[in-house]
There are 2 protein chains.
Amino acid sequence: MGRPRGFDEAEVVRSAAGLFAGRVYDGVSVDDLVTHLGVHRNSLYKTFGSKRGLYLAALRWYVEHEIGVLAASLRRVRDFEEATRLVSDAGAGLDFLLLAAAERAPVDDEVAVEVNRALDVIDEAVGTFTAVPQATAALLGVRLRAKAGADRAGASPGSSPTR
Amino acid sequence: MGRPRGFDEAEVVRSAAGLFAGRVYDGVSVDDLVTHLGVHRNSLYKTFGSKRGLYLAALRWYVEHEIGVLAASLRRVRDFEEATRLVSDAGAGLDFLLLAAAERAPVDDEVAVEVNRALDVIDEAVGTFTAVPQATAALLGVRLRAKAGADRAGASPGSSPTR
DNA sequence: ATCAGTCAAGAACGATCGTTCCTCAACGGT
DNA sequence: ACCGTTGAGGAACGATCGTTCTTGACTGAT
């Protein structure tokens with residue numbers, strides 16, 4: 001009954017994770033989501049309730065499906081140098097989501113819960129040299145984000161925004 | 001000539017750095033600045049030109065005055081464990097500014113410049129075990145921000161914001 | 001004492017945000 | 001073939017954002 005939806009919900013969540021990983025939460029507008037995800041405004045609110053709902057869905061999907069993979073790799077790592085290289089090589093785009101989520105955690109309890117879940121998984125994975133993996137993940141954020149201003153190709157040509 | 005200003009510009013910049021370290025750039029409204037800094041809207045725009053002008057002033061002050069101190073301490077550090085403890089003990093509030101700035105760097109060239117300046121200073125300071133200090137700094141951001149949701153005492157009682 | 005120049009206080013503006021509403025087209029079950 | 005339900009499309013709303021403007025009080029140099 002009714003017209004079938006023209007998008008795959010799981011794929012939308014995954015794409016949303018990519019978008020939210022690239023900018024801060026407030027930096028992604030609903031118009032951005034509608035444009036880049038191919039889902040219409042109405043369907044977005046019907047399916048996820050709100051922008052925050054979609055964000056939480058994306059974050060939870062990320063923590064559930066990606067952090068585990070990262071943790072498994074980290075389990076086989078021996079020193080800091082190697083851990084750094086590992087996280088660096090892993091999907092450079094998506095792993096920013098943890099950093100971006102951490103930035104939002106202070107003002108959103110449910111986000112804080114997910115971030116802590118991710119940190120717990122990573123902690124459990126690396127055991128002995130505790131602080132390293134979060135550090136590497138976060139380090140990559142700072143490093144790569146810092147030089148992203150130059151790279152960002154066709155996205156936004158000019159910078160130094162007025163806003 | 002004219003009424004003397006009722007605030008100390010340097011102190012305002014320093015306080016602003018503290019505010020911008022606590023939340024993302026977009027998370028700090030001009031009303032917040034006016035309220036917490038004791039500077040009136042008009043004076044703020046007269047002195048700093050814009051919200052972004054004040055932010056850049058605060059970020060530059062931070063990079064110029066605080067990163068050097070941090071780098072000097074890191075110069076005397078021997079291993080990762082010690083570096084982590086060091087950055088952890090250092091002014092827990094202000095050091096978030098680098099992480100927050102990194103988050104903004106992709107969309108603001110001048111911010112990216114300052115972040116890279118800071119990273120260069122830190123790189124130069126630690127020399128041999130390169131990646132460590134940025135990692136520790138960033139690590140603290142993720143860790144502490146994640147649990148900040150619980151701590152944040154009188155600020156915002158409820159969370160899970162509608163916005 | 002006067003006056004130019006700044007600060008203080010707050011109203012007001014346009015833009016943009018997240019969200020809702022309305023209308024029409026597209027499909028599945030009977 | 002028809003009807004009920006859902007998605008697509010887009011206009012519209014209230015709130016909030018950064019910024020500007022208006023008005024009046026205060027101060028230091030002439």
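Every heavy atom of this structure was used, including side-chain atoms; hydrogens, water molecules and symmetry mates were not.
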Nearest-Å distance, [atom1] ([X]) to [atom2] ([N])?
X	N	atom1	atom2	value
B/R23	D/dC17	CZ	P	12 Å
A/D26	D/dT16	CG	C1'	12 Å
A/E9	D/dT6	CD	P	15 Å
B/L44	C/dA8	CG	P	11 Å
A/Y45	D/dC13	OH	P	17 Å
A/Y55	C/dC17	OH	C1'	18 Å
A/K46	D/dG9	NZ	P	17 Å

By side-chain contact (heavy atoms from CB on, under 4.5 Å) - contacts of B/L19 (at least two apart): B/L33, B/H36, B/L37

Tell me, please, which residues at least two apart from A/N42 pass side-chain contact (heavy atoms from CB on, under 4.5 Å).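 Applying side-chain contact (heavy atoms from CB on, under 4.5 Å) to A/N42 gives A/H40.
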
Which atom names give the shortest non-hydrogen contact between [X] and [Y], and what distance separates them?
X	Y	answer
A/V13	A/W61	CG1-CB, 3.7 Å
A/L59	A/A101	CD1-CB, 3.8 Å
A/F7	A/S43	CE2-CB, 3.8 Å

Among C/dA8, D/dT19, C/dT19, the nucleotide that comes nearest once only the side chain of B/K51 is considered: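 For the B/K51 side chain, the nearest candidate turns out to be D/dT19.
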
For [X], check side chain to side chain donor-acceptor pair (under 3.5 Å) against everything at least two apart and list the hits.
X	result
A/D32	A/S29
B/R41	B/D31
A/R117	A/E114
B/E9	B/R5

Between the first and last five pairs of the helix from C/dA1-D/dT30 to C/dT30-D/dA1, the angle of the axes, rounded to 10 degrees: 0°

Salt bridge or not between A/R14 and A/E66? Use side-chain N to carboxylate O under 4.0 Å. no

Anything under 30° is parallel, anything over 60° is perpendicular, the rest tilted; go ahead and classify B/Y25 against B/Y55. perpendicular

Would you list the protein and nucleotides 21-24 of chain C atom pairs, both N or O, that sit under 3.5 Å from each other?
from: C/dC21; atom 1: N4; to: A/N42; atom 2: OD1; distance (Å): 3.4
from: C/dC22; atom 1: N4; to: A/N42; atom 2: ND2; distance (Å): 3.2

Does a side-chain N or O of A/S43 approach OP1 or OP2 of D/dA8 to a distance below 4.0 Å, or not? yes

Under 4.0 Å from any atom of DNA chain C, heavy atoms only: list the residues of residues 29-40 of chain B that qualify, in numerical order.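 Under 4.0 Å from DNA chain C: B/H40.
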
